[in-house]
Amino acid sequence: PETLESNTKLLAETIDPSFLCFYTKLKNLYCVSERGAKSSVISYKLNSENKLTLLNKVDAGTVSDPCHIAYSAQHVVTANYSSGNVFVYKRKADGSLSNIIQTLQHNGSSVHPTRQTKPHTHQVTFSPDKKYLLATDLGIDKIMIYKYNAKNTEQPFTLFSLFDVKAGSGPRHLSFDKSGKKLYLIHELDGTISALKFEKGNISLLDTNTVARTVNIQNGAADIHISPNGKYVYATNRGNINNISCFEIGKSGKLSFVEQISTEGEGPRNFVITSDG
């Protein structure tokens with residue numbers, strides 16, 4: 001951070017590892033390989049020499065295109081864009097993955113004539129207390145909330161509630177605050193950000209804002225994160241604008257726009273804030 005120097009090192013090769021997650025405690029890395037009919041989910045172990053050892057690669061079914069991944073101590077789950085569902089895999093003792101043990105299928109459509117003709121699940125996120133799994137679905141304009149029972153070996157997830165967002169907005173990614181009682185959701189299609197209250201598995205709307213600060217732009221809002229100090233929300237927009245917006249979080253959870261700058265490159269699909277902020 002002091003010198004902005006970067007020393008990159010190849011850890012593993014795979015095709016289209018479009019999202020990954022790292023289980024710090026056991027040093028397991030999981031990634032999706034988003035390859036249409038050849039899609040898979042891959043597990044690795046980071047060894048003492050900081051090298052990745054392949055544990056196993058599991059088939060992700062027919063044309064699922066897994067685009068996001070999350071884990072608990074017992075399971076790994078993927079959001080599958082093309083098939084509009086969530087796949088559940090069991091974590092084995094060595095960190096490798098079982099075959100699919102449960103499929104959570106979404107149904108329906110929304111108003112966008114080309115992007116919302118069917119479900120397109122875009123993100124899976126466990127609530128901070130690990131009692132729920134939230135799945136955002138761009139295609140049907142909903143957040144699906146599943147109750148999580150880690151001890152259930154066959155059907156660990158059951159649908160608990162759902163939250164309807166504005167038609168045509170296309171919910172993509174969300175981020176919880178440290179309290180686990182508020183979350184912020186970026187909508188890909190119209191660039192809006194929803195400030196949401198989360199209580200006992202139910203969601204309600206607090207406020208809305210937007211990363212679309214100028215007119216006549218092509219939106220492609222993508223990723224959203226909260227700063228480590230909990231004071232700011234950052235969110236990216238792709239399309240033909242390619243920038244990142246900053247919002248301050250008020251005491252009530254509402255957002256106030258601070259600034260917007262170029263990402264100095266095209267397609268800011270994902271970003272990470274360093275742990276020191």
Side-chain angles (χ1 to χ4, degrees), residues 8 10-24 26-46 52 54-61 63-72 75-91 95-97 100 103-104 106 115 119-128 130 133-139 143-144 146 157 170-176 183-188 220-226 234-238 244 263 265-274:
T8 57
L10 178 64
L11 292 179
E13 284 193 59
T14 190
I15 299 174
D16 290 336
S18 71
F19 236 91
L20 56 81
C21 59
F22 185 62
Y23 189 3
T24 307
L26 297 179
K27 295 191 175 182
N28 289 132
L29 186 142
Y30 300 99
C31 78
V32 296
S33 180
E34 191 175 354
R35 300 182 61 201
K38 296 181 179 180
S39 295
S40 61
V41 182
I42 308 168
S43 61
Y44 297 94
K45 178 80 171 182
L46 187 68
L52 285 178
L54 175 67
L55 295 178
N56 72 331
K57 182 185 294 186
V58 183
D59 182 64
V63 196
S64 56
D65 289 314
C67 61
H68 199 267
I69 189 165
Y71 71 89
S72 71
H75 298 94
V76 168
V77 294
T78 62
N80 306 309
Y81 184 85
S82 293
S83 53
N85 53 22
V86 175
F87 287 160
V88 183
Y89 303 85
K90 184 177 179 181
R91 285 190 69 256
S96 64
L97 298 175
I100 299 166
T103 300
L104 308 171
H106 299 171
R115 297 293 306 279
H120 290 301
T121 315
H122 225 308
Q123 186 193 35
V124 278
T125 307
F126 284 95
S127 59
K130 290 294 194 288
L133 177 75
L134 286 73
T136 59
D137 198 302
L138 181 149
I143 302 176
M144 314 295 285
Y146 296 95
F157 297 95
R172 181 181 172 98
H173 278 194
L174 60 83
S175 183
F176 273 95
L183 56 94
Y184 297 90
L185 171 69
I186 187 78
H187 302 255
E188 178 175 338
D223 202 19
I224 186 166
H225 293 287
I226 299 172
Y234 295 88
T236 60
N237 201 1
R238 299 168 299 172
I244 186 163
T263 55
E266 294 184 358
R269 187 171 186 263
N270 174 232
F271 69 96
V272 175
I273 302 173
T274 57

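The figures that follow rest on heavy atoms only: side chains count, while hydrogens, waters and symmetry mates do not.
Judged by distance alone, with hydrogens and angles left aside, the side-chain atoms of Ser43 form a donor-acceptor pair with the main-chain N or O of Asn56 at under 3.5 Å. Judged purely by atom type and a 3.5 angstrom limit, His225 has no side-chain atom pairing as donor or acceptor with the backbone of Val272. Panel note: side chain Thr263, backbone Pro268; no donor-acceptor pair is recorded below 3.5 Å. Checking side-chain atoms of Thr136 against main-chain N and O of Gln123 turns up a donor-acceptor pair under 3.5 Å. When atom types are taken as modelled, the side chain of Arg172 and the backbone of His187 share no donor-acceptor pair closer than 3.5 angstrom. Remark: side-chain polar atoms of Ser72 are paired, donor with acceptor, to backbone N or O of His75 under 3.5 angstrom. Side-chain atoms of Arg238 come within 3.5 Å of backbone N or O of Gly220 as a donor-acceptor pair. A distance-only check finds no donor-acceptor pair linking the side chain of Lys90 to the backbone of Val76 [under 3.5 Å]. A donor-acceptor pair is defined here as one N or O able to donate and one able to accept, closer than 3.5 Å; no such pair exists between the side chain of Thr78 and the backbone of Asn80. Checking side-chain atoms of Ser64 against main-chain N and O of Gly61 turns up no donor-acceptor pair under 3.5 Å.
Taken to the nearest 0.5 Å, the CG atom of Leu11 stands 10.0 Å off from the OG1 atom of Thr8. Here the straight-line distance linking atom OG of Ser39 with atom CG of Asp59 works out to 8.5 Å at 0.5 Å rounding. Distance check, rounded to the nearest 0.5 Å: SG of Cys67 to CZ of Phe19 gives 8.5 Å. To the nearest 0.5 angstrom, Ser175 atom OG is 6.5 Å from Ile224 atom CD1. For the atom pair Leu183 CG and Thr125 OG1, the distance stands at 9.0 Å (nearest 0.5 Å).
Among Val86, Val124, Val77, the single residue meeting the side chain to side chain contact (heavy atoms under 4.5 Å, CB included) criterion with Leu104 is Val86.
We find that Glu188 and Arg269 are not joined by a salt bridge, their nearest charged nitrogen and carboxylate oxygen being 4.0 Å or further apart.
Within a 6.0 Å sphere centred on NZ of Lys130, other residues, nucleotides and ligands contribute more than 12 heavy atoms.
Residues Asp65 and Ser82 bring a donor and an acceptor atom of their side chains to less than 3.5 Å of each other. Side-chain atoms of Asp16 and Ser18 include no donor-acceptor pair closer than 3.5 Å.
Annotation for Ser33 and Ile15: closest pair OG-O, 2.6 Å, computed over non-hydrogen atoms. Nearest approach of Leu134 to Leu174, heavy atoms of both residues: CD2-CD2, 4.1 Å. Annotation for Tyr234 and Phe271: closest pair O-CZ, 3.4 Å, computed over non-hydrogen atoms. Nearest approach of Tyr23 to Tyr71, heavy atoms of both residues: CD1-CE1, 3.3 Å. Counting all heavy atoms, side chain and backbone alike, Val32 lies closest to Pro66 at CG2-O, 3.3 Å. Leu54 approaches Tyr44 most closely through the heavy-atom pair CA-CD2, 3.7 Å.
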Worked check of side-chain contact (heavy atoms from CB on, under 4.5 Å) between Val88 and Ile100: CA-CA 6 Å; Val88 183; Ile100 299 166; 5.8 Å; no

side-chain hydrogen bond (donor to acceptor under 3.5 Å, both in side chains) assessment of Asn85 paired with Thr103: CA-CA 7 Å; Asn85 53 22; Thr103 300; 5.5 Å; no

Val41 and Ile69: CA distance, side-chain angles, deciding distance, side-chain contact (heavy atoms from CB on, under 4.5 Å) verdict: CA-CA 9 Å; Val41 182; Ile69 189 165; 3.8 Å; yes

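In this view, His120 satisfies the side-chain hydrogen bond (donor to acceptor under 3.5 Å, both in side chains) rule with no residue, not counting sequence neighbours. Listed by chain and residue number, His106, Asp137 satisfy the side-chain hydrogen bond (donor to acceptor under 3.5 Å, both in side chains) test with Thr121 (two or more places apart in sequence, or in another chain). Checked against side-chain hydrogen bond (donor to acceptor under 3.5 Å, both in side chains), Arg91 has the following partners two or more places apart in sequence or in another chain: Asn28, Tyr30.
Here the two rings, on His122 and Tyr81, have centers that are under 6.0 Å apart.
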